[in-house]
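The next block holds one structure in the form of structure tokens; read it before the comments.
Just so it is clear, the values below take in all heavy atoms, side chains as well, and ignore hydrogens, waters and symmetry mates.
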Amino acid sequence: MAFKITDQCVNCGACEADCPVSAIVEADNARKIEADKCISCGSCAASCPAEAIVEE
């Protein structure tokens with residue numbers, strides 16, 4: 001199951017740095033997870049200080 005970033009994202013970039021497959025990119029002043037690259041490891045959700053990353 002892939003993860004997604006909600007509107008609670010504060011665009012801090014913590015999740016992008018922790019993603020082992022570089023599936024997170026910046027778009028429209030927020031971060032976005034490219035679902036086709038996501039391996040559902042949960043590293044991004046664990047590092048998000050805003051708790052803006054949830055499982056789809």
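By the 6.0 Å contact criterion, CG on Asp36 is enclosed, its count of non-hydrogen atoms from other residues, nucleotides or ligands being greater than 12.
Looking at residues two or more places apart in sequence or on another chain, you find no salt bridge (charged side-chain N to carboxylate O under 4.0 Å, His left out) involving Lys32.
Here SG of Cys9 is found 7.5 Å from CD1 of Ile53. Values are rounded to the nearest 0.5 Å. To the nearest 0.5 angstrom, Glu16 atom CD is 8.0 Å from Ser22 atom OG. Atom CG in Asn11 sits 10.0 Å away from atom CG in Asp28 (nearest 0.5 Å).
Heavy atoms only, all atoms of each residue included: Ala23 and Cys19 are closest at N-SG, 3.2 Å. In plain terms, the two heavy atoms of Phe3 and Cys41 that are nearest each other are CE1-N, 4.4 Å.
Sequence neighbours left out, the pairs with a member in residues 41-54 that pass side-chain hydrogen bond (donor to acceptor under 3.5 Å, both in side chains) are Asp18-Ser47.
Side-chain contact between Cys38 and Val21 is absent, with no heavy atoms from C-beta onward closer than 4.5 Å. Contact of the Arg31 side chain with the Val25 side chain is not registered, since no non-hydrogen atoms from C-beta on lie closer than 4.5 Å. Side-chain contact check for Thr6 versus Val54: some heavy-atom pair is nearer than 4.5 Å.
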